[in-house]
Amino acid sequence: MSKQILINAFNMNSVGHINHGLWAHPRDQSHRYKSIDYWTSLAKTLERGLFDGIFLADIIGVYDVYNGSADLTLRESIQLPVNDPLLLVSAMAAVTKHLGFGVTVNLSSDAPYIFARRMSTLDHLTDGRIGWNIVTGYLDSAARALGHDAQAEHDSRYDRADEYMEVLYKLWEGSWDEDAVVRDKERRIYADPDKVRSVSHAGKFYQSSGYHLAEPSRQRTPVLYQAGTSGRGKKFAATHAECVFITATDKDAAKATARAIRQEAVNVGRSPQDVKVFVGVTVITGPTHAAAQEKYRDYLSYANPEAGLAHFAASTGIDFSRYDLDEPINYGTSNAIQSATQLASQKRWTKRHLLDELKIGGRYPVIVGDGSLVADELISWIEEGEIDGFNLTRTVVPESYEDFIDHAVPALQERGRYKTAYSNGGLRRKLFGAGDTLPSRHIANGYRSPTQQKHQDV
């Protein structure tokens with residue numbers, strides 16, 4: 001059987017996300033992001049299209065590297081303003097039955113004890129459809145807003161993240177046994193005290209002692225997403241992540257990164273199949289190739305490459321406004337997103353090159369054509385790039401998702417590469433076809449009680 005393609009809608013609780021400037025298009029509705037109806041309508045549309053999930057990005061801080069200010073960021077709404085993504089999930093879950101939710105939360109912003117309850121709550125309310133995109137932060141503006149002088153050094157942020165995960169695993173996996181909740185009204189026993197334990201942690205970055213406040217949810221630990229592909233980021237992903245989001249400009253680059261991540265997973269005792277790899281992509285499609293090309297030209301007339309450059313400046317920590325169009329750029333080392341800096345350095349991109357790369361306002365590969373062409377190209381990425389799926393960026397909302405559903409999805413289904421119905425179970429089971437909880441070979445298994453380990457799916 002041919003490999004089924006996984007699709008997430010890539011979005012953000014904001015006006016602008018990846019493809020900048022398109023908020024000004026007359027048909028774009030992204031300014032309605034403050035409305036519950038905007039999100040519930042989108043969720044129902046995505047479930048109609050059998051999307052695996054909606055992947056919600058987030059940042060703390062603002063993009064103020066370009067020109068040393070946030071002026072362009074504000075004028076073009078480059079992920080500012082931005083609202084909390086977690087608060088969208090309950091509303092979208094209430095109008096869907098299968099759609100998954102991958103939510104970005106910076107671990108610097110919440111104590112692990114509080115965050116553990118928040119995610120368990122969402123896992124309960126969604127009946128096991130919640131995932132967490134683990135980020136360590138990269139903006140100095142965020143660090144200052146949180147009371148620090150600047151971001152901690154890149155690799156040390158991952159050291160802190162490893163310990164954060166340890167606390168979470170103790171709470172999610174070890175505090176409550178699977179059969180701790182009795183709910184016996186006659187004996188007046190809701191939970192068996194012998195099967196619930198306080199957990200303790202005393203580490204370099206975190207100290208915590210207490211019972212997990214939430215009873216076991218369907219997945220216990222949410223599906224774990226991660227997007228770091230630096231050397232240290234790959235090691236973190238190999239240890240913890242189940243779904244890894246990479247940026248790749250071509251299929252060879254995707255294959256190299258996917259292979260490296262999976263080999264790292266094997267090195268820590270996991271299976272290569274334990275990790276799903278997603279690539280960010282922009283798709284513009286229509287009933288015919290000519291219609292799709294016309295729509296692309298229309299979108300380009302509203303897109304703002306300079307806004308995309310301001311976003312990329314924050315990702316690399318480089319103020320590109322200081323460079324002439326063809327002046328060599330000194331990329332050096334970065335304390336921001338190392339993979340972004342390395343990519344630009346390897347390509348030897350000048351400002352002119354970058355603006356061309358960002359002509360649709362974003363830096364992901366762009367596929368333009370009818371449903372058949374789009375399906376063929378996505379399948380080629382899966383096979384040649386050795387990946388599992390895509391984070392589909394939005395352009396003009398909601399029509400970019402509607403066009404994909406109406407034209408690309410049927411073509412993928414005709415080729416046997418996209419599901420025709422949802423399978424049962426929580427998000428983890430849907431993605432991996434096994435159990436709802438983390439497999440025993442995941443590092444989290446070491447934090448389960450002996451009794452609890454017997455209940456886990458292998």
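Please read all numbers here as calculations on a predicted model, not as lab measurements.
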* To do: Show your working on side chain to side chain contact (heavy atoms under 4.5 Å, CB included) between Ile134 and Tyr164 and close with a plain yes or no.
  => CA-CA 10 Å; Ile134 309 163; Tyr164 194 97; over 6 Å; no
Any side-chain donor paired with an acceptor under 3.5 Å for [X] and [Y]?
X: Gln219; Y: Asp123; result: yes
X: Gln4; Y: Tyr418; result: no
X: Glu76; Y: Trp23; result: yes
X: Asp28; Y: Ser30; result: yes
X: Ser372; Y: Asp370; result: no
X: Ser120; Y: His212; result: yes
X: Thr282; Y: Asn19; result: yes

Please answer whether the main-chain N or O of [Y] pairs with a side-chain N or O of [X] as donor and acceptor at a distance below 3.5 Å.
X: Arg220; Y: Thr437; value: no
X: Thr393; Y: Val281; value: yes
X: Thr257; Y: Ala254; value: no
X: Asp110; Y: Leu107; value: no
X: Ser380; Y: Asp376; value: no
X: Gln79; Y: His17; value: yes
X: Thr40; Y: Asp37; value: yes
X: Asp177; Y: Ala180; value: no

What pairs with [X] under side chain to side chain contact (heavy atoms under 4.5 Å, CB included), at least two apart in sequence or on another chain?
X: Ala444; answer: Tyr169, Glu173, Leu438, His442
X: Ala256; answer: none
X: Val266; answer: Gln263, Pro272
X: Arg297; answer: Gln293, Glu294

* Test log, rule ring-ring contact (aromatic ring centres under 6.0 Å, His included), inputs Phe55 and Phe245 -> CA-CA 10 Å; Phe55 185 105; Phe245 177 32; 5.8 Å; yes
* State the CG-CG distance between Asp192 and Asp184, to the nearest 0.5 angstrom. => 11.0 Å
* Listed once per pair and sorted, the salt bridge (charged side-chain N to carboxylate O under 4.0 Å, His left out) pairs that draw on residues 10-25, sequence neighbours left out -> none
Within the 4.5 Å heavy-atom criterion, are [X] and [Y] side-chain neighbours or not?
X: Val105; Y: Asp58; result: no
X: Ile405; Y: Thr45; result: yes
X: Leu74; Y: Leu80; result: yes
X: Glu377; Y: Lys251; result: yes
X: Gln226; Y: His240; result: no
X: Arg417; Y: Lys3; result: yes
X: Val82; Y: Met12; result: yes
X: Ile54; Y: Leu42; result: yes

In plain terms, say whether [X] and [Y] are close enough for a salt bridge, that is, a side-chain N and a carboxylate O under 4.0 Å apart.
X: Arg270; Y: Glu264; result: no
X: Asp406; Y: Arg48; result: yes
X: Glu383; Y: Lys255; result: no

Can you list every pair that meets ring-ring contact (aromatic ring centres under 6.0 Å, His included) and has a residue in [range], with sequence neighbours left out?
range: residues 365-414; answer: Phe51-Phe404
range: residues 104-129; answer: Phe115-Trp132
range: residues 251-304; answer: His25-Tyr299, His25-Tyr302

* Asked: Can you name the nearest heavy-atom pair linking Gly369 to Val374, along with the distance?
  ->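 Here Gly369 and Val374 meet closest at O-CG2, 3.6 Å.
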* Where is the tightest heavy-atom contact between Ala214 and Trp176, given as atom of each residue plus distance? -> O-NE1, 3.5 Å
Identify every side-chain donor-acceptor pair in residues 84-103 under 3.5 Å, counting partners at least two apart or on other chains, and give the distances.
unit_1, atom_1, unit_2, atom_2, d
Asp84, OD1, Leu86, N, 2.8
Thr96, OG1, Met92, O, 2.9
Thr96, OG1, Arg129, NH1, 2.9
His98, ND1, Lys430, NZ, 3.3

* **Residue list, side chain to side chain donor-acceptor pair (under 3.5 Å) with Arg75, at least two apart or on another chain** =>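 Arg75 satisfies side chain to side chain donor-acceptor pair (under 3.5 Å) with no other residue.
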* Asked: What's the verdict on ring-ring contact (aromatic ring centres under 6.0 Å, His included) for Phe312 and Tyr66, showing C-alpha distance, side-chain angles and the deciding distance?
  -> CA-CA 9 Å; Phe312 196 60; Tyr66 191 77; over 10 Å; no
* **Over-ring placement of Arg160 relative to Tyr206, 6.0 Å and 45° cut-offs** =>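 Yes - Arg160 lies over the ring of Tyr206, closer than 6.0 Å to its centre and within 45° of its axis.
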* Answer yes or no for Lys235 and Tyr158: cation-pi contact, defined as NZ/CZ to six-membered ring centre under 6.0 Å and angle to ring axis within 45°. => no
* To do: For Asp252, enumerate each residue passing the salt bridge (charged side-chain N to carboxylate O under 4.0 Å, His left out) test, keeping only those at least two apart in sequence or located in another chain.
  =>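 Asp252: no salt bridge (charged side-chain N to carboxylate O under 4.0 Å, His left out) contacts found.
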* To do: Output all residues satisfying salt bridge (charged side-chain N to carboxylate O under 4.0 Å, His left out) with Lys295, sequence neighbours left out; order by chain, then residue number.
  =>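 With neighbours one apart ignored, the set is Glu399, Asp403.
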* In a check of salt bridge (charged side-chain N to carboxylate O under 4.0 Å, His left out) between Asp52 and each of Lys419, Arg429, Arg428, which one passes? -> Lys419
* Is Leu213 atom CG crowded by more than 12 heavy atoms from other residues, nucleotides or ligands, each under 6.0 Å away? -> yes
